[in-house]
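Scroll down for the structure; my scribbles are underneath it.
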Amino acid sequence: LILYEPFDYPNLGGPVTSNTPSNWTYGGSGANDLNVASGSLAYPGLAASVGNSVTNGGVGLGVRRFFGTNISSGILYFSALFRINNAGFGAWNGASTIVGALTPTDNTTFRLQVMIKSNSPSGYLVGVQKGGTGATAIYDATEHHPGETFFFVGKYDFTVSPNSVSLWINPSAATFSLASEPGTGFFSATTGADGYTIDRFNMRQNTASSVPAAMQWDELRIGTSWAAVTP
């Protein structure tokens, strides 16, 4: 396990970056309002959540959590609990957009992107995408709705050419802590650029039209094995 970020901070309603500022950096413009929220998200079978959580959405800075190390080889996994509390349909344009991403040292491009796009007047789809020229998103076919809590597990694989990104949505608890990842239940993308060093995770905001209005994150883990990020 490289990083465990449970958002166990006491400054409810205040920016998470006020806690050890050197752990965080930003992208974009607007308010720094990735704020600490009371309570936690949870997923059946996952180790009990610790501390609080964070909320963001719509207009504001994208906030990145540093890992404390650089990864440019092997296989890198992340996991996180995520919920859209209010998609902002009507303000959000519903187009394919990033909500979270493994991010390189340049702080401006993205390597494994968790994507969202609307699928109906009240629902949306979840996808995964690499970054760089030619990158295209691959979406799951299941429509989701505001209020659902997800357990995402993502994988960036430097060992294959082209590099691949994969995303599991709500994997079975029977697979948690196993030495190997499950061979089913994920979708992958390979188009886009390779060759970047990853050292941070981005929880994205941008504009009211481009990002859902209210999102929540919890229990962020970064590691080099499936077991490390699925306790």
Side-chain angles (χ1 to χ4, degrees), residues 1-3 5 27 43 46 62 64-82 95-117 119 124-142 144 150-204 217 219-231:
L1 186 68
I2 294 170
L3 171 71
E5 176 53 84
Y43 184 76
L46 190 66
R64 288 84 147 118
R65 177 59 159 95
F66 288 118
F67 304 164
T69 190
N70 294 349
I71 306 296
S72 58
S73 62
I75 296 174
L76 182 67
Y77 295 87
F78 86 88
S79 70
L81 296 170
F82 174 76
S96 184
T97 190
I98 314 163
V99 293
L102 293 175
T103 304
T105 54
D106 64 11
N107 202 44
T108 59
T109 58
F110 306 108
R111 296 298 91 206
L112 188 167
Q113 305 173 81
V114 179
M115 308 294 291
I116 300 290
K117 70 175 180 179
N119 191 55
Y124 57 88
L125 303 178
V126 177
V128 68
Q129 181 176 322
K130 284 172 66 178
T133 302
T136 55
I138 304 297
Y139 276 89
D140 186 46
T142 301
H144 300 281
F150 297 97
F151 180 49
F152 290 142
V153 183
K155 170 187 172 182
Y156 192 97
D157 191 346
F158 289 98
T159 70
V160 296
S161 183
N163 296 171
S164 69
V165 295
S166 302
L167 185 69
W168 287 259
I169 301 174
N170 298 336
S172 168
T175 70
F176 294 175
S177 293
L178 296 182
S180 299
E181 68 194 47
T184 60
F186 64 92
F187 48 107
S188 299
T190 59
T191 55
D194 294 342
Y196 287 80
T197 298
I198 300 170
D199 76 335
R200 63 199 73 183
F201 185 85
N202 176 37
M203 289 156 282
R204 183 173 182 255
W217 293 90
E219 295 292 295
L220 174 65
R221 291 177 171 89
I222 307 294
T224 56
S225 71
W226 177 268
V229 301
T230 61

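Fair warning: this is a prediction, and the values are worked out from it, not measured in the lab. Only this structure's heavy atoms are used, side chains among them; waters, hydrogens and symmetry mates stay out.
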Atom pair CZ (F158) and CZ (R111), whose distance is rounded to the nearest 0.5 Å = 8.5 Å

Measuring from L81:CG to F151:CZ, what's the distance to the nearest 0.5 Å?
-> 6.5 Å

Would you name the heavy atoms of R204 and I98 that are closest together and state the gap between them?
-> NH1-O, 3.1 Å

Output for pair (S96 OG, I116 CD1), nearest 0.5 Å, gives 9.0 Å

Candidate pair D199 and F66, rule side-chain contact (heavy atoms from CB on, under 4.5 Å), full reasoning = CA-CA 6 Å; D199 76 335; F66 288 118; 4.0 Å; yes

Any side-chain heavy atom of Q113 within less than 4.5 Å of one from N202?
-> no

Specify the closest pair of heavy atoms between A228 and G223, including all atoms of both residues, with the distance to one decimal.
-> CB-CA, 4.4 Å

Criterion side-chain contact (heavy atoms from CB on, under 4.5 Å) on V128 and F186, from CA distance to verdict = CA-CA 10 Å; V128 68; F186 64 92; over 6 Å; no

Side chain T197, main chain N70, donor-acceptor under 3.5 Å | no

Listed partners of F152 passing ring-ring contact (aromatic ring centres under 6.0 Å, His included), at least two apart | F82, F150

For T109 and P104 the tightest heavy-atom approach is O-CD, 2.7 Å

Taking the side chain as every heavy atom from C-beta outward, state whether L46 and P231 have any atom pair closer than 4.5 Å.
-> yes

Short question: side chain of W226, backbone of V153 - any donor-acceptor pair under 3.5 Å?
-> no

Determine, stepwise, if the pair E181 / Y77 fulfils side-chain contact (heavy atoms from CB on, under 4.5 Å).
-> CA-CA 10 Å; E181 68 194 47; Y77 295 87; 2.5 Å; yes

Side-chain heavy atoms of K155 within contact of I75, under 4.5 Å = yes

Is I138 close to L167 at the side-chain level, that is, under 4.5 Å between some pair of heavy atoms?
-> no

When you look at D194 and K130, which way does the salt bridge (charged side-chain N to carboxylate O under 4.0 Å, His left out) test go after all the steps?
-> CA-CA 9 Å; D194 294 342; K130 284 172 66 178; 2.6 Å; yes

Roughly how far apart are L112 CG and N163 CG, rounded to 0.5 Å?
-> 11.0 Å

Show your reasoning for whether side-chain contact (heavy atoms from CB on, under 4.5 Å) applies to T142 and H144.
-> CA-CA 6 Å; T142 301; H144 300 281; 3.9 Å; yes

T103 side chain to F110 backbone, donor-acceptor under 3.5 Å | no

Verify ring pair (Phe, Tyr, Trp, His ring centres under 6.0 Å) between Y156 and Y196, making sure each step is shown before the conclusion.
-> CA-CA 11 Å; Y156 192 97; Y196 287 80; 9.2 Å; no

Distance, nearest 0.5 Å, that separates CZ of R65 from CG of L3 | 4.5 Å

With T69, which residues qualify under side-chain contact (heavy atoms from CB on, under 4.5 Å), at least two apart?
-> I2, F67, I71

If we ignore angles and hydrogens, is there a donor and acceptor under 3.5 Å between the side chains of T191 and T136?
-> yes

Taking the side chain as every heavy atom from C-beta outward, state whether F176 and P171 have any atom pair closer than 4.5 Å.
-> yes

Validation row: R200, T105 side chains within 4.5 angstrom (heavy atoms) | yes

